[in-house]
Each structure stands twice: as C-alpha cells, then as structure tokens.
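Proteins get letters first, then strands, A, B, ... in listed order; numbering begins at 1 in each.
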Amino acid sequence: MTLLLVLPLAVIFTQALSKGWGAVQDALAEPDAGSAIGLTLMVAAVTVPLNAVCGTAAAWCIGRFRFPGRTLLTTLIELPFSVSPVISGLVWVLLFGANGWFGPWLDRHGVRVVFAFPGLVLATVFVTFPFVARSLIPLMQEQGASEEEAAITLGAGGWQTFRRVTLPNIRWALLYGVLLCNARAMGEFGAVSVVSGHIRGQTLTMPLYVEALFNDYEWVGAFTVAALLSMLALVTLALRLLLERRVGAGRRMHA
Amino acid sequence: MNVDLRDLRKQFGPTAALDGLNLAIARGEFIALLGPSGSGKTTLLRVLAGLDFVESGTIEIDGRSMHDVPARKRRIGLVFQHYALFRHMTVARNVAFGLEVRPRHERPPRAVIRARVQELLQLMGIGDLGQRYPDQISGGQRQRVALARALAIEPSLLLLDEPFGALDAKVRKALRLWLRDVHDRMGLTSLFVTHDQAEAMEMADRVAVLRAGRIEQVDTPDRLYAEPANAFVHEFLGESVRLDCTVEAGMARFHGMPDICVPTGSRAGPAIALLRPHEIGLLPGPGPMRVESVHASGPMRRVRLVLEARIIEVLLPEDLALPTVGESCGIDLTRARIYPAD
C-alpha cells in the first residue's frame, strides 16, 4: 500500500532527473514553463483570498444564525464537490463563451472571460469554494455566538469583534481550509482545462502545461513541472498534519 | 439607574417569550428574576442588553429610551450563563477587553487599564490569576472573571444570567453572599436570573416571579412568601399543600371534609386552597383524616395524613404532642389562602 502511494512520487522525481540536473534547469528556463508557473500563482493569488473571505462569511452565516434556506445553503456549498470538474468548467463556457448567454454582450465590450485569465479564476473559485467554508462550519457551530455577544455588550464594534474574538477563535481551522483551497487551486485540472483554451504561454496553468508537454513527448519537462507540483503537495501535507493537530487541540480545549 | 420596562412583547414562533411584561427597577436595587425554564427570563436579559429586540413596549433607563441604542453603546454589563470568556485571551486581557475596544479618545492609557484590571481582579479575590487562560482555572474562578469583565465597563445596570448554574452546591452558596456583597460595595443596580427560589429569596431586595413571559408578582422575599398573589406564585415559592374547594357565599368548603369551612373574599365558584405544610394544624379526633406515618424532619415532625385517596403532608413542631400512626383526626385549615381555580 505504501509502495502504491510512494512509487508514483519516486517515479516523478527520478524521471525529472533522468537527464541530469541541467535538463531540469533548461526545462524550467523555458518561457512557457515560467508563464505556466506565473499563471498558476496568479490564479491562486486571486482565488485563495477570495474564497477565504467568502468561505468565512458563508460559514459565519450558517454557523451563527437560523434562517429559512439554511440547509439549502449548506448543501449548495458542497455542490462543487459533488459535481464533476468538467461540468464546473463547462458552466462558465455556457455562460460566458462566444455562444453563451453573456458571451456576445461581453464580446461587444471587449471583455474576454473564457479562454482567458478571468475564466481560469472563475472555474478555480467555483471548484475550491467548499474548502474554507467546510473547515469552519462545524467549529463555528460548536463555539456558538456567546463570545461575540459578550464582546458587543462590552462595547466592541462589528469589526473589532471579528478581529479580536471571531478570527482568533477560528484561525487554525481557517488556515487549514486556506491550505487545502490553495493546494486544489494550484492543482486543479478538469474545470480549468475546459475554460483554458490551451494557449501556450498564455492560458496554460501548471497542470495543463504538464499535460501539454506530456502529449509532446517532452518527458523531462513534463516531469520537472510535475515534480514542482508534487513538492507543493508534500508541503501541503506536512502543514496539514501540523494544523490538524492545532485544530484538534483547540477543540479539546473548548470541550 | 432607574430602569423602566413597559408592556414588553416578543414572539418566538407561536409562543410568546415576553407577553406584556412590566417592571421598574430602582437605582441600587438587586432584583432576582425567578421562573421556570421557558418563562422568558433569559429573553428579558437579552432584550435589556440589546442582543434581542422586542416587538412592542418601551425600555427606559433614567428616562432615556433604549429603542435606538445599540448593544455596544448601552453600557449594560451581562454575565453569561456559561461565562463566554474569550478563550484565547488571558484573564487580564479578558477583563481589559471592554476598556481596550473603546474609541481612542475615550480609551484610558495602557497603565491605567492595567491598574484598573488588577484592582478588579483583587476585588474579585483572584488577583493572582491574571496571566492564566480561561481553561486553566476553575468554574467558580471563571465566574469571577466574567463578573470582573462586565464590571470593567462600569455598567449602569448589571445583568446576570443564572451565574451559578454550572457550579456545585457548595461553591454556589459561598458565591451568593459574595456577589451580594460586591453589589452593595460597588453600588450596582443588578438584575439576576435564576430558577432556584432559595437563591432568589436569599440574595434579592425584591423578587420578580415570571411565568410565560409575564410577571406574576414582584415583592420583597418576605411578602412574596407570606402573601403570594396567586396559586402559581404560591406553589413556585416553596412546599405547598393544595386542596380543591368550592366558594359559596364567602365561604370555602372542601371536598370530603363537610365540617370545615374557611371564610374568604375570593369569588364564588370552584377554587383551590393552598397552605404551607407548617400552616396546617392537627385537631384531636375523631375526624376525616387518618395518620399514616410520622417522621423526623429537622426540628419539625412530618406527619402524613390520608384523606380518601389523597395524602396530605403536615409539618408540626417537635415539642407539640404528636399523633400516633393509625389514629383518626381532623385538620385546621383556617390559614388557607383561597384562589379561584383557573
């Protein structure tokens, strides 16, 4: 079992280094590689903060209030996980593509969504939305609103209450959600593939670039970028273990 | 602070949490809100603190309507049932919170805040716990921290929601006297929610008895016990013996006891008579009652009488001649309070 898990990783790194360190450096020096890495970082840089804010807001609403449609909202948050990533991508093409609902209108105003950066961000935001909200909802439900109410009766305003009371209480769970969100945002393939249009040097993110190189039999390049992504996964895994311990400790303290 | 609550109403779905509630609290008073769970006690506190809102009615503090004053500007201290301490802050930071969040021009300098916090912690008898976290101290200590935190903002009114609910009986008892002492020394005006009638009677200047969102009676503990306004208050405030009766021409007559009648001002019709067990006298037999058992109960003797299928418990002082088990006897119900049956 361990072999099954470790073997692919080992293969990726050995394949990347099969023609020596120089080949790796050359592969990374490739302008298209640079643009793929840059694009991935950009997409993550927009997606992750956006989902951190929206996810926290959603979790706060669901965790703190009882309102009609609350269960529905909780289910909707989960939607991106139960829908195939391909569909998550197609939706945006149908909405904003050349023949989509808003496509012609956007075209007239010179805005490109599909096959461009905004499309990649939209698809990624959609796919990664549940991570932050899901890691916060159970915690916020469990903690209840009384600390926030106490802060308000002591004279704190909304922002002060959030910054001094709410945020410190959820910080580890939030970080955990952000971490998972980031890992997925950088690694997402399906949804992004549909909206990307596969324009080299322009709309290829790292996972898409790996595929493109692979299809062109550029083994070293493909595996070099894949190795980069794997390292991201390993770092994520390590941080995740660390955070899970913190979140667990925080909950026990509360109970 | 004079607090004046008039005709407060609030619905939670089909049930009324507050149903035309009126209450006036004078400066310096310590009032206990007593009632069964679901009677609206906590709702009333939350409404006063500005965390919940009424559908109608007015809340005035020193003549000023609180209608448009948000919770954070009311300066009403609220001690939550489960303390709601900020778990990621030290005890000292918890207490300092209300001062630290003030706008810059109102905020005291750091050194002043620190001194004030220390002073409060000393006053609460926990001067050496400032650097601990809430999960590192006991329940009773948390209670004191919660109180110190609420007092730091110099509240015009202090609200306490079952503050001793989560503590064991011994700690509870000690804290009662201590809290009352803090109230007197700091010149506070306090409203204290509890469902423990002994607690309310022991601590409060006046006790307000709540039922289903209304105040049934507000009075000093003595008067409340001696002159309950209705059957609910009577039964809620201590052991009660309840007997069905009928009022006719100013006389209450009891079922199964044709010889007994008690004069009353209550209206004619079906009624109930209520007495404390020690208010019932025993008359030498023969009579309608049979003595079933006699037990020691502190300085009193608890006598169980049987009338048809009913059991009536009577408390007699131990120096009185005690009946023997199996004996037949009569009872004296002249001290009964008669209320119309509802």
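Nearest approach of A/Asn169 to B/His88, heavy atoms of both residues: OD1-ND1, 3.3 Å. A/Ala150 approaches B/Arg149 most closely through the heavy-atom pair CB-NH2, 3.4 Å. B/Met89 approaches A/Arg164 most closely through the heavy-atom pair CE-O, 3.5 Å.
Heavy atoms of B/Leu85 lying under 4.5 Å from chain A belong exclusively to its backbone. For A/Ala151, the parts lying under 4.5 angstrom from a heavy atom of chain B are both the backbone and the side chain. For B/Ala150, the part sitting under 4.5 Å from any heavy atom of chain A is the backbone (N, CA, C, O) and nothing else. Heavy atoms of A/Gln160 lying under 4.5 Å from chain B belong exclusively to its side chain. Neither the backbone nor the side chain of B/Gln81 comes within less than 4.5 Å of any heavy atom in chain A. Proximity to chain A (any heavy atom under 4.5 Å) is restricted, for B/Phe80, to the side chain, taken from C-beta onward.
Around the CH2 atom of A/Trp92, the shell of radius 6.0 Å holds more than 12 heavy atoms that belong to other residues, nucleotides or ligands. Heavy atoms from other residues, nucleotides or ligands lying under 6.0 Å from CE of A/Met42 number 12 at most. In this structure, A/Leu4 places its CG atom where only 12 or fewer heavy-atom neighbours from other residues, nucleotides or ligands lie under 6.0 Å away. By the 6.0 Å contact criterion, CZ on B/Arg93 is open, its count of non-hydrogen atoms from other residues, nucleotides or ligands being 12 or less. The environment of A/Arg64 atom CZ is dense: over 12 non-hydrogen atoms of other residues, nucleotides or ligands sit within 6.0 angstrom.
Of the residues B/Ile76, B/Leu51, B/Leu159, the one that meets the side-chain contact (heavy atoms from CB on, under 4.5 Å) test with A/Thr153 is B/Leu51.
Comparing A/Thr161, A/Leu154, A/Ile152 by heavy-atom pairs within less than 4.5 Å of chain B, the highest count is held by A/Leu154. Of the listed residues B/Val79, B/Val101, B/Leu78, the one with more heavy-atom pairs under 4.5 angstrom with chain A than any other is B/Val101.
No donor-acceptor distance shorter than 3.5 angstrom exists from the side chain of A/Glu147 to the backbone of B/Ala84, with no hydrogens or angles considered.
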